Amino acid sequence: MRALNQPVSWWGWHWDPPAPMSIIELIKAGNLDARLAAMLWIAMERGASLIVAADPPSSGKTTTLTALLSFTPPETAVYFTRGMGETFALPPRSDSYPTYVLINEMSNHIPVYTWDANARRAFELLASGYSLATTMHDVTAEGVIRQLREELSIPTAQIAKLTFVIPMYLGMLSSPSAGARTSSMRRIQEVAMLDLDGEDLSVNRIATWELNSDSFDVFPKAEHREAFASWAKISDAELTAELERREVFLGNLISTGVTAIPDVNAAIESFHHEAIRPRPQV
């Protein structure tokens with residue numbers, strides 16, 4: 001991943017900025033499992049655009065988004081926006097690699113976040129072929145879509161250029177073995193895949209999380225798998241092979257204790273060089 005400029009307040013304004021976590025650390029913490037991470041990896045290497053959403057601050061939105069960016073191809077270009085006064089001085093996009101517009105948060109809470117005309121400009125760039133990755137405050141995919149439509153007046157056709165909306169769950173987890181001690185619990189609640197159905201927007205939940213069993217289900221229905229494979233421009237057999245290869249790779253990193261961000265990123269980049277041929281951006 002190549003940065004085209006320097007980030008400004010990527011983590012927002014905090015007295016103590018959150019500590020970044022690698023995708024392996026997030027898997028070990030239970031925020032997602034290796035199968036779901038493998039699916040998101042296939043998407044990110046094809047320039048998937050996404051919004052990670054959750055309502056409360058410090059819920060893991062930016063941590064999750066940052067970790068997922070490690071799955072982009074090494075040649076990916078990223079442009080960090082700066083909130084108020086942003087000029088969007090982007091280079092022309094290329095068909096050879098994704099160019100991401102990275103927005104720390106779409107809200108009007110503080111000046112370094114993006115809202116109103118700048119948010120609409122970001123979606124115009126998305127519609128013209130750039131990729132977009134950002135966070136928002138909401139608890140459902142429908143809530144995110146409502147904000148985009150009603151509060152920002154973004155056209156449905158532009159919203160449909162998003163690949164995913166990923167709501168996060170934040171709750172408390174009890175540990176019976178630790179004397180009923182509780183700890184915070186963060187989970188990817190679902191991966192909602194967007195598409196344009198005529199003039200309306202379709203929302204397909206291609207991955208879900210179940211609270212009682214604390215388990216993830218990737219492609220719960222056959223049509224979800226078909227929709228993803230069609231978007232990724234691969235056959236069902238190729239999708240199966242790519243998922244399994246990445247899931248095993250991530251499992252090996254976990255079992256061998258490779259968790260630090262530099263080490264995980266280096267391993268993922270090595271996987272790209274050894275196993276992935278360049279593919280056109282979707």
Side-chain angles (χ1 to χ4, degrees), residues 1-7 10 39-53 65-66 68-83 86-106 114-136 141 144-145 147-149 152-166 191-204 206 227-234 238-239 242 272 276-282:
M1 192 169 68
R2 299 177 293 113
L4 300 171
N5 60 347
Q6 293 296 316
W10 174 248
M39 184 270 282
L40 292 169
W41 185 350
I42 293 171
M44 295 303 291
E45 70 190 23
R46 288 164 171 78
S49 294
L50 67 158
I51 294 177
V52 179
L65 179 62
T66 303
L68 290 176
L69 289 170
S70 295
F71 286 145
T72 59
E75 64 272 19
T76 299
V78 299
Y79 177 89
F80 294 91
T81 60
R82 304 185 177 205
E86 176 57 53
T87 61
F88 293 99
L90 285 150
R93 57 169 298 275
S94 170
D95 290 329
S96 301
Y97 53 83
T99 300
Y100 271 88
V101 178
L102 298 184
I103 297 175
N104 46 12
E105 181 174 300
M106 277 198 176
T114 295
W115 198 245
D116 290 332
N118 279 350
R120 289 187 284 274
R121 178 58 182 151
F123 272 85
E124 290 172 358
L125 290 167
L126 173 62
S128 70
Y130 291 88
S131 295
L132 173 65
T134 185
T135 70
M136 289 184 74
V144 167
I145 293 167
Q147 285 191 64
L148 297 177
R149 279 175 161 165
L152 289 170
S153 300
I154 294 172
T156 298
Q158 292 183 3
I159 298 173
K161 294 295 183 179
L162 283 170
T163 317
F164 304 131
V165 177
I166 304 178
V191 177
M193 190 171 188
L194 307 189
D195 198 4
L196 197 60
D197 184 9
E199 296 183 357
D200 202 3
L201 197 63
S202 67
V203 180
N204 297 306
I206 65 170
F228 183 85
S230 176
W231 174 86
K233 298 182 180 178
I234 55 178
E238 288 173 316
L239 175 56
E242 297 293 339
H272 276 285
I276 300 176
R277 295 185 177 90
R279 297 186 179 99
Q281 181 184 9
V282 175

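These figures come from a predicted structure and were not determined experimentally. What's counted below: heavy atoms across the whole structure, side chains too, no hydrogens, waters or symmetry copies.
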Practice prompt. For Arg121, enumerate each residue passing the side-chain hydrogen bond (donor to acceptor under 3.5 Å, both in side chains) test, keeping only those at least two apart in sequence or located in another chain.
Written response: Glu124

Worksheet, complete the sentence: Here the gap from Glu242 atom CD to Glu45 atom CD, rounded to the nearest 0.5 Å, amounts to 7.0 Å

Worksheet item: So which heavy atom on Gly47 is nearest to which on Tyr100, and how close?
Response: C-OH, 3.2 Å

Discussion item. Is any side-chain heavy atom of Leu4 closer than 4.5 Å to one of Pro91?
Written reply: yes

Worksheet entry | Closest contact, heavy atoms only, Leu194 versus Val203 | CD2-CG2, 3.9 Å

Item to complete: Output the distance between atom CZ (Phe71) and atom NE2 (His272), rounded to the nearest 0.5 Å.
Response: 8.5 Å

Just list the side-chain donor-acceptor pairs under 3.5 Å for residues 152-163, sequence neighbours left out, or say none.
{"unit_1": "Thr156", "atom_1": "OG1", "unit_2": "Arg149", "atom_2": "NE", "d": "3.4"}
{"unit_1": "Thr156", "atom_1": "OG1", "unit_2": "Arg149", "atom_2": "NH2", "d": "3.3"}
{"unit_1": "Thr163", "atom_1": "OG1", "unit_2": "Ser49", "atom_2": "N", "d": "2.9"}
{"unit_1": "Thr163", "atom_1": "OG1", "unit_2": "Ser49", "atom_2": "O", "d": "3.4"}

Item to complete: Applying side chain to side chain contact (heavy atoms under 4.5 Å, CB included), name anything that partners Ala117, two or more places apart in sequence or on another chain.
Response: Arg120

Item to complete: Starting at CD of Glu105, measure out to CH2 of Trp115 and round the result to the nearest 0.5 Å.
Response: 9.5 Å

Discussion item. Would Leu50 and Met44 count as a side chain to side chain contact (heavy atoms under 4.5 Å, CB included) here? Give the steps.
Written reply: CA-CA 9 Å; Leu50 67 158; Met44 295 303 291; 3.7 Å; yes

Fill in: Heavy-atom pair of closest approach, residues Trp231 and Ala48
CH2-CB, 3.9 Å

Fill in: Any Arg2 side-chain heavy atom under 4.5 Å of Tyr97 side chain
yes

Worksheet item: When rounded to the nearest 0.5 angstrom, what distance separates CG in Asn118 from CZ in Arg82?
Response: 13.0 Å

Item to complete: Mark yes or no for whether Thr99, through its side chain, and Tyr130, through its backbone, hold a donor-acceptor pair below 3.5 Å.
Response: no

Discussion item. Which heavy atom of Ala89 sits nearest to which heavy atom of Tyr79, and what is that distance?
Written reply: N-OH, 3.3 Å

Worksheet item: Sub-3.5 Å donor-acceptor pair from the side chain of Asp195 to the main-chain atoms of Ser202, do we have one?
Response: no

Discussion item. Among residues at least two apart in sequence or on other chains, which ones pass side chain to side chain contact (heavy atoms under 4.5 Å, CB included) with Thr134?
Written reply: Ile51, Ile103, Met106

Worksheet, complete the sentence: Thr76 meets the side-chain hydrogen bond (donor to acceptor under 3.5 Å, both in side chains) criterion, sequence neighbours left out, with none

Worksheet item: Quick one: side-chain hydrogen bond (donor to acceptor under 3.5 Å, both in side chains) partners of Trp10, sequence neighbours excluded?
Response: Thr66

Fill in: Working for side chain to side chain contact (heavy atoms under 4.5 Å, CB included), residues Phe164 and Ile206
CA-CA 10 Å; Phe164 304 131; Ile206 65 170; 3.7 Å; yes

Worksheet entry | Min side-chain heavy-atom separation Leu69-Leu102 under 4.5 Å | yes

Discussion item. Within this structure, what is the CD1-CG distance for the pair Ile145 and Leu201, rounded to the nearest 0.5 Å?
Written reply: 5.0 Å

Worksheet item: Taking atom OG of Ser70 and atom CG of Leu68, what is their separation to the nearest 0.5 Å?
Response: 8.5 Å

